[in-house]
Amino acid sequence: MTRHAKNCTAGTVYTYHERKKDTKKSGYGSKSVRLGRDSVKNFDCCCLTLQPCREPVVTPDGFLYDREAILECLLHQKTEAARKMKAFEKQKKKQDAEEAGKVEEKEKSKVESFVNMEKRLTTKPTSAFTASKDRSVNGSSAVADEQQPSTSSGGPGGSGGNDKNLQSGSGGNDKSLQSFWVPSLTPEAKPTLLKKPDTKTYCPMSSKPLRIKDLIAVKLTPIDDGDDRPMVAKSERYKCAVTHDALGNSVPCAVLKNTGNVVTMDCIEKLIKKDMLCPFTGSKLKESDIIPLQRGGTGFAGAGTQLEAKRAGPVLQA
């Protein structure tokens, strides 16, 4: 067994290849794979369907969509926002009703407390002329009542009053206690409060606000090579509208906002940016009228696209 063989196990060092092989067999650790060309969309394909666009439109950020796919996506976002808004309004009405009930209950308790206070202040009407006569007639009974022992004292009759006080006190404590096994006293799980939904529609790729009127129609110039094969089967399908260079993921290109024609970035740098005039209409162009198209890459160059797939696995930590 040689020293530099991949399966060499006679060395004293745990090599990188051995660690990778053991990790793959054991299933521990993260695994990463670089995506190939088959996993990358072409520049003229829709970002949602990943198929060549039949009616291409582009966003201000340079993402290409098929009109039918992006309109369906925006409509779905609108429908979902409307559903969430309806649920939010229903929750708000319920909260308003609960608040109104609390205010009404509070006002009612204030009125009841006021009425009870007024009842305490009022006294029964008495006559000053009949009070002395009643006192003289009932004098003997009043004296007899004074000679009788009071039931609230500590005598033989006092225990009844103490028992009554204890019972009233214990009853009040029992009412304030919480029993978790009684269904009526168990804590209630309230539903999660909904937040007010956002009614804006967003681009699926850039996550920026996107409206239907922001979409720009794109004109792709097909290559006339006399080939009768369908467009999907061709490797090179479109060309630059000015220089007639073949377009692909390896060729940076841009869309002119005023006309929707697709041209290469070399054409823009060498021809258009000298005078900033549109080669098709002759009108003045601005920097915002040039929208670079987002490319998917070639499998070797990423072109700004993440071409590495990673899956995290269990890891033993010390």
Side-chain angles (χ1 to χ4, degrees), residues 40-75 78 200-298 301 303-305:
V40 180
K41 78 175 190 69
N42 292 327
F43 83 101
D44 60 334
C45 292
C46 175
C47 293
L48 292 176
T49 62
L50 303 181
Q51 298 296 325
C53 297
R54 292 178 294 179
E55 192 177 355
V57 291
V58 68
T59 64
D61 295 324
F63 291 101
L64 197 70
Y65 294 101
D66 195 353
R67 182 179 291 275
E68 181 181 356
I70 189 61
L71 290 182
E72 185 178 353
C73 178
L74 297 180
L75 179 61
K78 279 286 187 183
K200 295 181 180 179
T201 53
Y202 294 90
C203 176
M205 297 298 295
S206 62
S207 300
K208 294 182 180 180
L210 179 65
R211 298 172 298 180
I212 296 178
K213 64 180 181 180
D214 295 335
L215 299 174
I216 303 166
V218 178
K219 297 179 182 177
L220 292 170
T221 307
I223 297 178
D224 299 330
D225 53 356
D227 193 353
D228 295 336
R229 291 184 302 169
M231 296 292 291
V232 181
K234 297 180 182 180
S235 58
E236 296 179 351
R237 296 188 282 265
Y238 301 102
K239 63 183 178 180
C240 175
V242 177
T243 62
H244 293 182
D245 293 335
L247 301 179
N249 283 2
S250 59
V251 180
C253 51
V255 177
L256 299 180
K257 187 175 181 180
N258 59 340
T259 60
N261 290 294
V262 180
V263 295
T264 61
M265 292 300 295
D266 289 340
C267 176
I268 291 175
E269 295 293 338
K270 297 178 181 179
L271 300 177
I272 297 177
K273 280 193 175 181
K274 289 183 178 181
D275 301 325
M276 289 302 290
L277 295 176
C278 178
F280 305 100
T281 61
S283 59
K284 193 71 175 178
L285 295 177
K286 297 183 294 185
E287 289 290 340
S288 59
D289 294 334
I290 301 173
I291 304 174
L293 276 179
Q294 301 290 338
R295 298 173 293 143
T298 60
T305 305

> With a 4.5 Å cut-off on side-chain heavy atoms, are Leu50 and Cys45 touching?
no

> Any side-chain heavy atom of Val262 within less than 4.5 Å of one from Tyr238?
no

> Roughly how far apart are Leu71 CG and Lys78 NZ, rounded to 0.5 Å?
13.0 Å

> State, yes or no, whether a side-chain contact exists between Phe63 and Pro204 at a heavy-atom distance under 4.5 Å.
no

> Compare all side-chain heavy atoms of Thr243 with those of Val263 and state whether any distance is below 4.5 angstrom.
no

> Is it the case that the side chains of Asp61 and Ser206 hold a donor-acceptor pair, with the cut-off being a distance below 3.5 Å and no angle test?
yes

> Kindly compute the distance separating CG (Asn258) from CD1 (Ile216), expressed to the nearest 0.5 Å.
9.5 Å

> Any side-chain heavy atom of Asn42 within less than 4.5 Å of one from Asn249?
yes

> Write down the atom of Leu74, the atom of Tyr202, and the distance for their closest heavy-atom approach.
CD2-O, 4.0 Å

> Can you give me the closest heavy-atom contact between Leu64 and Phe43, atom names plus distance?
CD2-O, 3.4 Å

> For Glu68 and Arg54, what are the C-alpha separation, side-chain angles and deciding distance, and is it a side-chain contact (heavy atoms from CB on, under 4.5 Å)?
CA-CA 9 Å; Glu68 181 181 356; Arg54 292 178 294 179; 2.9 Å; yes

> Please test Ile290 against Leu256 for side-chain contact (heavy atoms from CB on, under 4.5 Å), starting from the C-alpha separation and ending with a verdict.
CA-CA 5 Å; Ile290 301 173; Leu256 299 180; 4.3 Å; yes

> With rounding to the nearest 0.5 angstrom, report the NZ to OG1 distance, Lys41 to Thr49.
9.5 Å

> Check whether any side-chain heavy atom of Leu210 sits under 4.5 Å from a side-chain heavy atom of Leu215, and report yes or no.
yes

> Mind checking whether Asp245 and Val251 have side chains closer than 4.5 Å, heavy atoms only?
no

> Looking only at non-hydrogen atoms, find the nearest pair between Cys46 and Ala69 and report the distance.
SG-CB, 4.1 Å

> Could you grab the distance from atom CG of Leu75 to atom CD1 of Ile70, nearest 0.5 Å is fine?
11.5 Å

> Once side chain to side chain donor-acceptor pair (under 3.5 Å) is applied, what residue pairs with a partner in residues 213-223 remain, sequence neighbours excluded?
Arg211-Asp214

> Do side-chain atoms of Lys284 reach the backbone of Asp275 as a donor and acceptor pair under 3.5 angstrom?
yes

> Please report the closest heavy-atom contact between Cys73 and Leu48, naming both atoms and the distance.
CB-CD1, 4.1 Å

> If I compare all heavy atoms of Met265 with all of Cys253, which pair ends up nearest, and what's the gap?
CG-N, 3.8 Å

> How close do Cys53 and Asp66 get, heavy atom to heavy atom, and via which atoms?
SG-N, 3.8 Å

> When rounded to the nearest 0.5 angstrom, what is the spacing between CE in Met276 and CG in Asp289?
7.0 Å

> Say you draw a straight line from CG of Leu271 to CD of Glu269; how long is it, rounded to the nearest 0.5 Å?
10.5 Å

> Would you say the side chain of Thr264 lies within less than 4.5 Å of the side chain of Leu247, judging by non-hydrogen atoms?
yes

